[in-house]
> 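Sharing a structure here in C-alpha cells format.
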Amino acid sequence: MKKLMILFLVPLFVLLVGCTGHDISKILFIASVGIEKEEDEYHGYFYLPLSSDIGKTETSENKGKGQFAKTTGKTIPELFYNIQASTSLNINFKHVSSIVLNMELLNDEFLVQLLDFIKYSLLIDFNCYVFATTEKLEELYDFQNPNEESVLNSLLVSTSDISTLFLVASPVHFLKFTREFYLNRSILIPALVLEELWTIDSEKVKNFHVQTAVYYYNDKIKKVEKNPSSPYFSKATEFIDKINDTSMNIKCYSMTVDYKRLLQVKVEFSYELYKSDNHISEEEIKAFVHKRIEDYIIEYQEFDPLNLDYFNSVYKNSCTYDTMDIQVVIKKN
C-alpha cells in the first residue's frame, strides 16, 4: 500500500461525471472513512478508489487494489483537518459511501462528538452507511478484490448493491443510525471481519465478509455471530436450514411486530423440502421457527432487540418480552 504523499498524486479525472465548474484533476474524492483510537489519539483512514476503477475492470497494474490515506489527530475535527493540510488537492467527502468504526469507539461520548462534527461541518453527505469492526483498519482498508475486478465492488463503496451478503444485519444508513441513537433505540450494526480468500491467480488475499453484527444499546455492545437463529431476524428473503437432518429452503420470509396491545411477533414464509428420507409436518416446521425466534429474543433481551422500551413509551403500554406472542404462518406456494 502506497504511503500518503504518493496517494495524493493519483489523479481522479473521471469521477463525478456531470459535476461542472470544478477542475476534477485538483479534487481528491474520498469513498470511505474509517476511525479507530490508540491511546489518546484518533487514527483516520480515507479510502481512495483509483480512477481506473470507474466504468471498467482493473488494469494489470492495479489488480483490484484500492488505496488509502492515513492521518492522526487528538480530536475528530483535527483528524479531518490534517488530511486536507497534507495535500494541495481539494478533499471532497460528498461521495463517502461508508463510515467504519472500530468497535471500541461505540460509546455515547465518541458518537455524540462524531455526529455533531458531521452535522455541523457538512463535510460528509448523509447518504452513507455505518459499519463496525474489531479488525485493524489498516488491514481492512488494504483492500484487494480477489476476483481482480474493480475495487468499487467492495462493501466499502457499493454497500446497497450487494445487500444479499448481509446475513445477520441489514446495512444501517447513516440517517437511521443517527435517529435511533438519539432516540435511545437498539441498533444492530453489520460488522466487517477479515478472512483469507483465493484470487483467480491462486494467491491468498485478505478480504472481508459480514456474517457478524453488533448490538449497540444504552452505551453497551454485544456481538451477534452468524448462528442457527440469527437469519430469522434478518430481512433475507431466502435461506437454507435443516430440521432433524431434513434440508429445507425457507423462502419469502417476513416478520412484523405489533406493540399496541400485547407484544406480538408474526412471521410468514413459504418453504421447499429437498429430497429426504425423513417426513416432517408443517406443525414441526412452525415449532422449529418459533423456537429459533424465541431463543434469539431471550439471548439478546438485555439489548432490547425489538425496541420494546421505545415503543412502550410511544404507545403508553407496558408490554414485556415475558408475555410475548409469537405467531408463525406458512404461506402456500
Side-chain angles (χ1 to χ4, degrees), residues 101-112 130-134 166-173 176-193 210-237 239 241-243 250 253-269 284-330:
L101 302 176
N102 185 281
M103 211 168 290
E104 294 180 354
L105 293 179
L106 291 180
N107 60 75
D108 285 357
E109 181 181 1
F110 170 80
L111 290 175
V112 168
V130 180
F131 292 100
T133 188
T134 56
F166 298 87
L167 301 180
V168 180
S170 300
V172 181
H173 194 276
K176 178 181 179 182
F177 177 88
T178 303
R179 180 176 65 250
E180 297 194 352
F181 172 75
Y182 283 113
L183 289 175
N184 294 319
R185 295 180 57 168
S186 183
I187 312 173
L188 187 58
I189 309 166
L192 302 180
V193 179
V210 282
Q211 296 182 5
T212 60
V214 57
Y215 270 115
Y216 181 74
Y217 179 65
N218 277 348
D219 214 14
K220 297 178 296 185
I221 60 174
K222 183 173 182 177
K223 286 186 179 180
V224 183
E225 304 289 341
K226 182 187 176 185
N227 57 54
S229 63
S230 61
Y232 293 93
F233 254 60
S234 72
K235 293 183 179 179
T237 57
F239 52 89
D241 218 319
K242 292 184 177 181
I243 304 178
I250 292 180
Y253 177 89
S254 64
M255 181 176 72
T256 56
V257 183
D258 185 356
Y259 303 88
K260 294 181 180 180
R261 299 178 299 278
L262 180 73
L263 174 62
Q264 186 178 77
V265 179
K266 183 178 181 181
V267 297
E268 298 180 271
F269 60 89
E284 289 175 297
I285 294 174
K286 288 182 179 180
F288 172 80
V289 174
H290 186 286
K291 185 68 164 54
R292 287 286 175 86
I293 294 171
E294 185 178 49
D295 288 348
Y296 184 96
I297 292 175
I298 292 173
E299 181 179 357
Y300 298 103
Q301 182 172 335
E302 179 186 0
F303 289 81
D304 198 9
L306 297 179
N307 280 299
L308 187 57
D309 287 345
Y310 170 78
F311 284 104
N312 274 342
S313 65
V314 171
Y315 295 117
K316 310 302 181 185
N317 286 338
S318 56
C319 298
T320 67
Y321 286 110
D322 294 334
T323 58
M324 173 179 56
D325 176 30
I326 301 175
Q327 299 181 9
V328 180
V329 178
I330 295 180

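Numbering starts at 1 and runs along the sequence shown. Any value given below was found using the heavy atoms of this structure, including those in side chains, with hydrogens, waters and symmetry copies removed. Since the structure is predicted, the reported quantities are computational estimates derived from the model, not experimental observations.
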> Looking at side-chain heavy atoms only, is the closest gap between Ile221 and Met103 below 4.5 Å?
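Answer yes - side chains close enough.
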
> If you round to the nearest 0.5 Å, how far is CG of Asp219 from CG of Asp108?
3.5 Å

> Using side-chain heavy atoms (C-beta onward) and a distance below 4.5 Å, is Asn102 in contact with Phe110?
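No - every pair of side-chain heavy atoms lies 4.5 Å or more apart.
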
> To the nearest 0.5 Å, tell me how far Ile189 CD1 sits from Ser170 OG.
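Between atom CD1 of Ile189 and atom OG of Ser170 there are 13.0 Å.
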
> Using side-chain heavy atoms (C-beta onward) and a distance below 4.5 Å, is Phe269 in contact with Val289?
yes

> Which heavy atom of Pro231 sits nearest a heavy atom of Phe239, and at what distance?
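Heavy atoms of Pro231 and Phe239 come nearest at O-CE2, 3.8 Å.
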
> Please round to the nearest 0.5 Å and tell me the distance separating atom OG of Ser230 and atom CG of Asp295.
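Interatomic distance, Ser230 OG to Asp295 CG, rounded to 0.5 Å: 12.0 Å.
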
> Between CG of Leu308 and CE of Met324, what distance do you get to the nearest 0.5 Å?
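Here the interatomic distance stands at 9.5 Å.
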
> Ring pair (Phe, Tyr, Trp, His ring centres under 6.0 Å) with Tyr215: which residues, sequence neighbours excluded?
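Partners of Tyr215 under the ring pair (Phe, Tyr, Trp, His ring centres under 6.0 Å) test: Tyr300.
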
> Report yes if some heavy atom in the side chain of Thr133 is under 4.5 Å from a heavy atom in the side chain of Val193; otherwise report no.
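No, too far: nothing below the 4.5 Å cut-off.
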
> Minimum heavy-atom separation for Ala169 to Pro190, with atom names?
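Residues Ala169 and Pro190, closest heavy atoms: O-CG, 3.8 Å.
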
> Please tell me if the side chains of Lys223 and Thr134 come closer than 4.5 Å, counting only heavy atoms from C-beta onward.
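A side-chain contact exists here, since the closest heavy-atom pair is under 4.5 Å.
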
> Can you list everything that forms a side chain to side chain contact (heavy atoms under 4.5 Å, CB included) with Thr320? Sequence neighbours excluded, please.
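Partners of Thr320 by the side chain to side chain contact (heavy atoms under 4.5 Å, CB included) criterion, ordered by chain and then number, come out as Asp322, Thr323.
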
> Run the numbers on Val172 and Leu188 for side-chain contact (heavy atoms from CB on, under 4.5 Å), then give the verdict.
CA-CA 8 Å; Val172 181; Leu188 187 58; 6.0 Å; no

> Does NZ in Lys286 sit with more than 12 non-hydrogen atoms of other residues, nucleotides or ligands closer than 6.0 Å?
yes

> Is the NZ or CZ atom of Arg292 positioned over Tyr232's six-membered ring, under 6.0 angstrom from the centre and within 45° of the axis?
no

> Do the non-hydrogen side-chain atoms of Val265 and Met255 ever get within less than 4.5 Å of each other?
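Contact flag for Val265/Met255 side chains = yes.
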
> Under a 3.5 Å distance rule, please check whether Ser186 uses its side chain to pair with a backbone N or O of Phe303 as donor and acceptor.
yes

> Any chance CD of Glu104 has more than 12 other-residue heavy atoms, nucleotides or ligands included, within less than 6.0 Å?
no

> Leu111 versus Tyr216: any side-chain heavy-atom pair under 4.5 Å?
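In contact.
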
> What do the steps show when you test Phe233 against Val224 for side-chain contact (heavy atoms from CB on, under 4.5 Å), and what is the final call?
CA-CA 11 Å; Phe233 254 60; Val224 183; over 6 Å; no

> Sequence neighbours left out, what pairs pass salt bridge (Lys or Arg N to Asp or Glu O under 4.0 Å) with at least one residue falling in residues 297-311?
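As it turns out, the salt bridge (Lys or Arg N to Asp or Glu O under 4.0 Å) pairs with a partner in residues 297-311, which skip direct neighbours, are Lys220-Glu302.
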
> Measure the OG1-CD distance between Thr256 and Gln327 for me, rounded to the nearest 0.5 Å.
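So the gap between those two atoms works out to 8.5 Å.
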
> Can you label the angle between the Tyr259 ring and the Phe311 ring as parallel, tilted or perpendicular, going by 30° and 60°?
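Parallel.
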
> Using the rule side chain to side chain contact (heavy atoms under 4.5 Å, CB included), only one of Leu306, Asp258, Asp325, Ile326 pairs with Leu263; which is it?
Leu306

> Let's go through Ile187 and Phe181 carefully: what are the C-alpha distance in whole Å and the side-chain angles of both, what is the deciding distance for side-chain contact (heavy atoms from CB on, under 4.5 Å) to 0.1 Å, and is it a yes or a no?
CA-CA 7 Å; Ile187 312 173; Phe181 172 75; 4.1 Å; yes

> I want to check something: taking the side chain as every heavy atom from C-beta on, are Tyr253 and Thr237 in contact at a cut-off of under 4.5 Å?
no

> How long is the straight-line distance from OH of Tyr315 back to NZ of Lys260, given to the nearest 0.5 Å?
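Between Lys260 NZ and Tyr315 OH, I get 4.5 Å after rounding to 0.5 Å.
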
> Would you say the side-chain atoms of Asn317 pair up with the backbone N or O of Cys319, donor to acceptor, closer than 3.5 Å?
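Answer holds: no.
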
> For side-chain contact (heavy atoms from CB on, under 4.5 Å), just list the numbers for Leu183 and Tyr310, CA-CA rounded to whole Å, side-chain angles, deciding distance to a tenth of an Å, and then say yes or no.
CA-CA 8 Å; Leu183 289 175; Tyr310 170 78; 3.9 Å; yes

